[in-house]
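Notes for the one structure printed next.
Chain A is the first sequence line, chain B the second, and so forth, proteins listed ahead of strands; every chain is numbered from 1. Only this structure's heavy atoms are used, side chains among them; waters, hydrogens and symmetry mates stay out.
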Amino acid sequence: MNVTPLIPATDGVSTALNAWFVANARDLPWRRDGFGAWGILVSEFMLQQTPVNRVIPRLEEWLARWPTPAALAAVPPSEAVRAWSSLGYPRRALWLHAAAVQITELHGGIVPSDIDELLALTGIGDYTARAVAAFAYGHRHPVVDTNTRRVIARAIAGAGEPSPPNRGRDLDAMNLLLPQSVQEAALFNAAIMELGAVVCTSRSPHCDVCPIRNACAWRAADYPEYTGAHKTVQKKFAGSDRQVRGLIMAELRSTHRSVTDAEINTLWPDPAQLQRALASLVADGLAIPVRDGYTLPD
DNA sequence: AAGCCGTGGCA
DNA sequence: TTGCCAAGGCT
């Protein structure tokens, strides 16, 4: 039987955003025709909490060297960690390598298109699973990242910032906006993210050039200040364990031989903090204890 | 479930 | 200068 899809009241928003996106989308590598599901997957890993401009060079090197999951799976994880370079959060390199092994062994080397199969891969959570299904395979799923949440909070809810992430509520809100058409839906998932990334930005949004400013609830309410719960503030980086971990990882990446305890001891003045950072890297599988020092995981 | 996990650009 | 924050995920 034929069911007429409900047309959401906000249909104009998705139409306007898609038109704007078609005309204004940045020319990014993963938007090129035929970029492939593996490239999309690698880009999504790298883009987790890392800006586009820092990702692009590492991504292109990565795909030139490992054009398939099987190619990455065939080298030791240490090579993935080295190629990750200073992108940050090096556990992602380990997880991406593990995912490549799983794709090779469990999926015949083909990146899955099913959200549950994607979620079962190491390092893939709700956002990345949906992003791969939507962007690599064109499936109609709501994809919700921090940009999308901010645009919805402002344009639809009339708040200056999104409230803390809530999976069910966020997916419901995006579902109300998502066009019925599979092709328009795929476009819209990218369009709303792009708007949040380049126009409806966190700090100084460019409302003067926003394609949906006339439909924006936040603007209509004259930009009220956000009053909800605030996101937990990041601890200071200088002097943190994260900084010490970063120093140790840079040292491990810099050579193919093991790094001695004596060399590691020169990296940080506080021995207790150094040992704590080292222990956490070992727990993460990023540093492996050897005879008189440490190496990357081979 | 709140805290942890890198790095660097920008206002 | 310093704090904010960036296509999250894991425990």
Between Arg150(A) and dA6(C), is there a contact of a side-chain N or O with OP1 or OP2 at under 4.0 Å? yes

Looking at every strand, decide which applies to Gln243(A) at a 4.0 Å heavy-atom threshold: base, sugar-phosphate, or nothing. nothing

Does dT7(B) have its OP1 or OP2 closer than 4.0 Å to a side-chain nitrogen or oxygen of Arg253(A)? yes

Give a yes/no answer on whether the side chain of Ser202(A) brings an N or O atom under 4.0 Å of OP1 or OP2 in dC4(C). no

What is the distance, to the nearest angstrom, from the CG atom on Asn53(A) to the P atom on dG9(B)? 10 Å

Does Thr50(A) contact dG6(B) through a side-chain donor or acceptor facing the base, at a distance under 3.5 Å? yes

I need the CZ-P distance between Phe45(A) and dA6(C), as an integer number of Å. 21 Å

Closest approach to the side chain of Arg203(A), judged atom by atom: which nucleotide of dG8(C), dG3(C), dA7(C) is it? dG3(C)

Flag for Arg242(A)-Tyr89(A): side-chain donor and acceptor within less than 3.5 Å: yes

Ser43(A) side chain N/O closer than 4.0 Å to the phosphate oxygens (OP1, OP2) of dA7(C)? no

Within the structure, does a side-chain N or O atom of Gln48(A) lie under 4.0 Å from either OP1 or OP2 of dG8(C)? no

Sequence neighbours excluded, which residues qualify as side chain to side chain contact (heavy atoms under 4.5 Å, CB included) partners of Ala153(A)? Pro162(A)

Using only side-chain N and O atoms of Thr232(A), determine if any of them is under 4.0 Å from OP1 or OP2 of dA2(B). no

Classify Pro90(A) by what it touches in the nucleic acid, base, sugar-phosphate, or nothing, heavy-atom distance under 4.0 Å. sugar-phosphate

Rounded to whole Å, please give me the gap between CZ in Arg242(A) and P in dG8(B). 14 Å

So, does Arg154(A) use its side chain to make a donor-acceptor pair with the main chain of Ala159(A) at under 3.5 Å? no

When the C1' atoms of dA1(B) and dG9(C) are considered, how many whole Å apart are they? 13 Å

Which of the following nucleotides, dG8(B), dA6(C), dA7(C), is nearest to the side chain of Leu28(A)? dA7(C)

Can you tell me how far P of dG9(C) sits from CG of Leu41(A), to the nearest Å? 11 Å

Output the rounded distance in Å from CG (Leu286(A)) to P (dG9(C)). 18 Å

Separation of the C1' atoms in dC10(C) and dG8(B), to the nearest angstrom: 24 Å

Mind running side chain to side chain donor-acceptor pair (under 3.5 Å) on Glu263(A) and Thr260(A) for me, showing each step along the way? CA-CA 5 Å; Glu263(A) 289 168 326; Thr260(A) 66; 3.2 Å; yes

